[in-house]
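Order of appearance sets the numbers: ligands from 1, and atoms from 1 within every ligand.
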Amino acid sequence: MPENKFRKHIVCIGAGYVGGPTMAMIAARCPNYEVTVVDINPARIADWQTDNLPIYEPGLLELVRQSLGRNLFFSTDINANIRKADIIFVSVNTPTKTYGEGAGKAADLQYWEKTARNILEVSESNKIIIEKSTLPVRTAHAMERILNANDKGLHFEVLSNPEFLAEGSAVADLENPDRVLVGSRETESGLRARQEVVEIYANWVAPECIITSNLWSAELSKLVANAFLAQRISSINSISALCEQTEASVREVALAIGTDSRIGAKFLNASVGFGGSCFKKDILNLVYICEHYGLNEVARYWESVVMMNEYQQQRFITTMIKVMFNTVADKRIVLLGFAFKANTSDTRESPAIFVSRKLLSEHARLVITDPKALDNARTDLSDCADRIEFCEDPYVASKKAHALAVMTEWNQYKELDYERIFEQMEKPAFIFDGRDILDHEKLFNIGFNVFTIGKPPLKHF
Ligand code: NAD
Ligand code: UGA
């Protein structure tokens with residue numbers, strides 16, 4: 001296949017949850033672009049080229065297979081691919097800083113800065129550099145300064161094109177996004193680069209869904225979108241606590257308020273708390289930026305979204321211990337689900353991690369089951385794995401159990417044979433539904449004592 005067969009060479013640095021699926025979609029929809037995803041992690045790069053992808057995401061394997069070896073490639077040769085690229089997406093991880101200035105809140109930009117320096121070192125031609133990672137507002141300014149302080153006479157145009165996909169629905173979100181956001185400098189070269197990026201997405205996204213803006217608005221909009229989404233969950237979770245005290249049902253309240261089109265129906269599912277790699281880190285990043293600009297009231301406002309999430313997780317475990325006669329010591333407790341949401345193997349910041357550690361500290365005998373996330377669960381809890389049973393089969397897991405706790409809203413947990421499960425459990429048998437997904441009346445009639453987030457309890461004592 002001759003090299004000039006392709007109109008442009010796109011390279012993505014970072015083959016993770018965002019880089020992999022996003023580039024697979026671009027490759028599938030833009031056969032005249034060559035798309036190469038590179039990473040420092042050779043195992044990840046190898047796995048992307050097998051049937052055993054490094055992440056579980058519905059529809060992803062089929063999407064990757066469409067283009068793999070045609071115009072989609074995965075490689076560990078970062079330098080050669082940077083050299084060849086016209087357009088570079090940077091999709092490396094930007095976790096919360098754990099050390100030094102801003103520890104616990106600010107974004108750790110070391111991976112991101114290393115890629116900038118790497119690009120600068122090996123490039124031999126002008127390039128468009130796209131921030132795909134979620135970054136603090138005004139990061140592009142720093143990136144421009146690093147990249148354009150070169151004596152090679154090269155020009156790097158830095159753009160922001162944040163990603164809004166959600167895990168578990170990544171392929172559908174990429175296929176049919178609410179919007180694509182492209183932010184650039186509003187200079188002649190900035191606008192030209194903006195148009196090049198818009199042209200990629202225009203291969204499958206309707207023009208009215210492609211929004212353009214200045215660089216800073218694009219960077220900030222990503223943090224604000226996540227903050228608003230998480231704020232809705234914390235808002236409904238705060239109301240769930242009140243529902244449990246007043247015999248209101250949070251699901252009914254959510255339906256009643258969500259039908260107001262100004263409020264909207266989505267993201268009003270009360271839960272044991274939001275998890276995932278981004279909400280907490282991005283809000284804390286927003287808090288840090290506000291503090292940096294002396295906007296302390298604004299910082300406290302957004303910080304309370306994270307505090308409410310911590311309260312919700314703690315409340316779940318407090319209820320468990322209280323209703324199980326103030327002790328879970330030596331009781332067999334089964335977590336149904338460990339992933340931070342359904343349809344993913346990702347467990348980053350999953351509330352199940354917090355709940356597991358609390359149960360272990362109360363000397364419970366912990367059993368964890370999950371259809372896709374058991375390997376990640378083992379890694380997350382590797383320091384105490386010898387005290388945990390990891391079990392594929394929820395029926396085996398629930399044998400002689402004292403309690404079940406739904407941590408993830410996997411569909412299969414709605415369809416389990418709870419009569420069979422009840423028969424083999426210790427009595428009184430408890431269910432704690434952290435996702436409000438089960439048929440609680442039915443479970444109560446089987447004999448369970450049922451405790452659900454945002455609902456009055458159904459108990460036989
Ligand atoms: P990830 O950890 O799954 O993937 C990041 C990858 O970058 C890793 O495979 C790592 O090995 C690689 N990497 C790090 N430094 C590198 C370097 N110098 N050179 C080459 N590769 C390098 O992270 P992710 O979940 O894909 O998130 C990436 C970014 O996208 C983050 O900023 C995140 O906030 C943002 N984001 C994530 C999601 C999501 O759903 N996960 C959605 C939208 C935005
Ligand atoms: C979220 C955003 O939805 C994406 O738009 C964004 O791109 C992404 O973060 C990111 O920047 O990483 P994600 O974390 O993958 O996506 O998943 P969500 O569907 O947002 O769920 C996050 C958490 O909130 C999960 O634990 C989920 O169970 C919980 N949640 C969600 C609720 O508790 N209630 C709801 O109503 C919705």
| Location of contacts on Ile13 toward ligand 1, heavy atoms closer than 4.0 Å |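 For Ile13, the contact with ligand 1 is made by the side chain alone.
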
| message | Tell me whether Ile233 has any N or O atom under 3.5 angstrom from an N or O of ligand 2. | response | no

| field | Close N or O approach (Gly276, ligand 2; < 3.5 Å) | value | no

| task | May I ask you to check if ligand 1 and Val18 share an N or O to N or O distance below 3.5 Å? | result |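 Yes.
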
| message | Using a plain distance cutoff, I'd like to know if Thr115 has any nitrogen or oxygen under 3.5 Å from a nitrogen or oxygen of ligand 1. | response | no

| Taking only heavy atoms of Ser271, which atoms of ligand 2 are found under 4.0 Å from at least one of them? |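 Heavy-atom distances to Ser271 below 4.0 Å select 32 (C), 33 (O).
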
| task | Assess Arg232 for proximity to ligand 2: is some non-hydrogen atom of it under 4.0 Å away? | result |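 Arg232: no contact with ligand 2 (<4.0 Å).
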
| Heavy atom of Glu349, distance to ligand 2 below 4.0 Å |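 Not so, Glu349 does not reach ligand 2.
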
| task | Select the closest option to atom 3 (O) of ligand 2 among Leu229, Asp173, Asn309, Leu165, judged by heavy-atom distance. | result |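 Residue with the shortest heavy-atom distance to the ligand atom: Leu229.
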
| request: Check whether any side-chain N or O of Tyr33 sits under 3.5 Å from a backbone N or O of Ile26 as a donor-acceptor pair, and report yes or no. | output: no

Protein residue, atom and distance nearest to [atom], heavy-atom basis:
atom: atom 40 (O) of ligand 1; answer: Glu167 OE2, 3.2 Å
atom: atom 15 (O) of ligand 2; answer: Glu167 N, 2.8 Å
atom: atom 12 (O) of ligand 2; answer: Cys278 SG, 2.7 Å

